[in-house]
Amino acid sequence: RMMFSRKWLLTTLLVISACAVMVRLGVWQLDRLEQRRAFNARVLEQKAQPVLILDRNSLSKDLFEMEYRSVIVTGEFDNLESVLLRNQVYAGRPGYRLFTPLKIEGTSVAVMVDRGFVPSEDYDVKDWEQYALTGPVEINGTIRRGQTEPDFGGRPDPVLPPGERLQVWNIANIERMNEQIAYDLIPVYIQVDSMGEETGQGVTYPVPHSKELELTEGPHLGYAFQWFLFAAILILGYPVFIKRESVRGE
């Protein structure tokens, strides 16, 4: 009764609101945990699949749902249609990731290939064209989905007038890249496992993107427990606090 008296009503409402927020944050962390588990299961399932031969017979498959599956594709690069993805770092050096469309052998479509890191100074002096490859090539890599929206805090790519071409991108937006290419791109791209040419310094450029996926459950369960614990401490400790304050006031 004292909790809802005129003296303590406002404080009680604040405590109840704070507990509700903490419980909601705990539930949110549990939702994040389930999303993480579902992602891990999807990745492990695709990695366990046999290597997909990407050709005219497999293009009808739902490639978007095959993200992280290993793939082999043969074709020819259209080097003039290469684009760069900015804000990349390798071994402490700033640079870009080089994306080049590969015309799939025996088809009229292409797949964008993330060939890997190239240093920024090559682009600054327009020397990144040294990485152009001609003739038939076989690519071993991993199927990846493109992005349609930047990550939190990131900048979207500008919308250019019709006929203009965006050379450097903020995100790997395959749908929009397709708008500036004369032929069709399939809705995923391939992240190569290995490719490049030896430089005089013994470094291979482009350097394939080799960041390992962290297939763990992360800290979400621990965070959820903390939020529920904070809510329990507050809701159970608040009546004790009121009682003590009342005893002191008598």
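Bear in mind that the values here come from a model prediction, so they are computed numbers and not experimental data.
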Give me each pair satisfying ring-ring contact (aromatic ring centres under 6.0 Å, His included) with a member in residues 24-46, each pair once, sequence neighbours excluded. Phe39-Tyr68
Taking the side chain as every heavy atom from C-beta outward, state whether [X] and [Y] have any pair of such atoms under 4.5 Å apart.
X: Leu33; Y: Tyr223; result: no
X: Val111; Y: Leu63; result: no
X: Ile139; Y: Phe77; result: yes
X: Leu30; Y: Phe225; result: no
X: Ser58; Y: Leu52; result: yes
X: Glu81; Y: Lys103; result: no
X: Ile186; Y: Leu54; result: yes

Write down the atom of [X], the atom of [Y], and the distance for their closest heavy-atom approach.
X: Thr148; Y: Ile171; value: C-CD1, 3.9 Å
X: Pro156; Y: Asn170; value: O-ND2, 3.3 Å
X: Ile174; Y: Gly146; value: CG1-CA, 4.0 Å
X: Ala172; Y: Tyr189; value: CB-CE2, 4.2 Å
X: Leu234; Y: Ala18; value: CD2-CB, 3.8 Å
X: Tyr183; Y: Ala110; value: CE1-CB, 3.5 Å

Could you tell me whether a side-chain N or O of [X] sits under 3.5 Å from a main-chain N or O of [Y], the two making a donor and an acceptor?
X: Asn140; Y: Ile72; value: no
X: Asn79; Y: Leu133; value: yes
X: Glu45; Y: Val43; value: no

Rounded at 0.5 Å granularity, tell me how far [atom1] in [X] sits from [atom2] in [Y].
X: Tyr205; Y: Leu98; atom1: OH; atom2: CG; result: 13.5 Å
X: Arg36; Y: Gln29; atom1: CZ; atom2: CD; result: 11.5 Å
X: Leu80; Y: Ile181; atom1: CG; atom2: CD1; result: 11.5 Å
X: Asp184; Y: Ser108; atom1: CG; atom2: OG; result: 7.0 Å
X: Leu166; Y: Met177; atom1: CG; atom2: CE; result: 8.0 Å
X: Trp169; Y: Arg86; atom1: CH2; atom2: CZ; result: 11.0 Å

When hydrophobic residues are tied together by side-chain contacts of less than 4.5 Å, even through go-betweens, does [X] share a cluster with [Y]?
X: Tyr131; Y: Tyr90; answer: yes
X: Phe117; Y: Val168; answer: yes
X: Ile235; Y: Val23; answer: no
X: Leu102; Y: Phe99; answer: no
X: Leu185; Y: Phe64; answer: no

Please assess Leu160 against Arg165 for the test side chain to side chain contact (heavy atoms under 4.5 Å, CB included), listing each intermediate value before the final yes or no. CA-CA 7 Å; Leu160 300 182; Arg165 189 171 185 274; 5.7 Å; no
Identify, with sequence neighbours excluded, every residue that meets side chain to side chain donor-acceptor pair (under 3.5 Å) alongside Ser82. Thr100
Which salt bridge (Lys or Arg N to Asp or Glu O under 4.0 Å) pairs, counting each pair once, include a residue from [range], with sequence neighbours left out?
range: residues 8-33; value: none
range: residues 147-159; value: none
range: residues 50-65; value: Glu65-Arg145

In chain order, what residues pass the salt bridge (Lys or Arg N to Asp or Glu O under 4.0 Å) check against Arg144, with sequence neighbours excluded? Glu67
Please determine if Glu34 and Arg37 form a salt bridge, counting it only when a charged side-chain N lies under 4.0 Å from a carboxylate O. yes
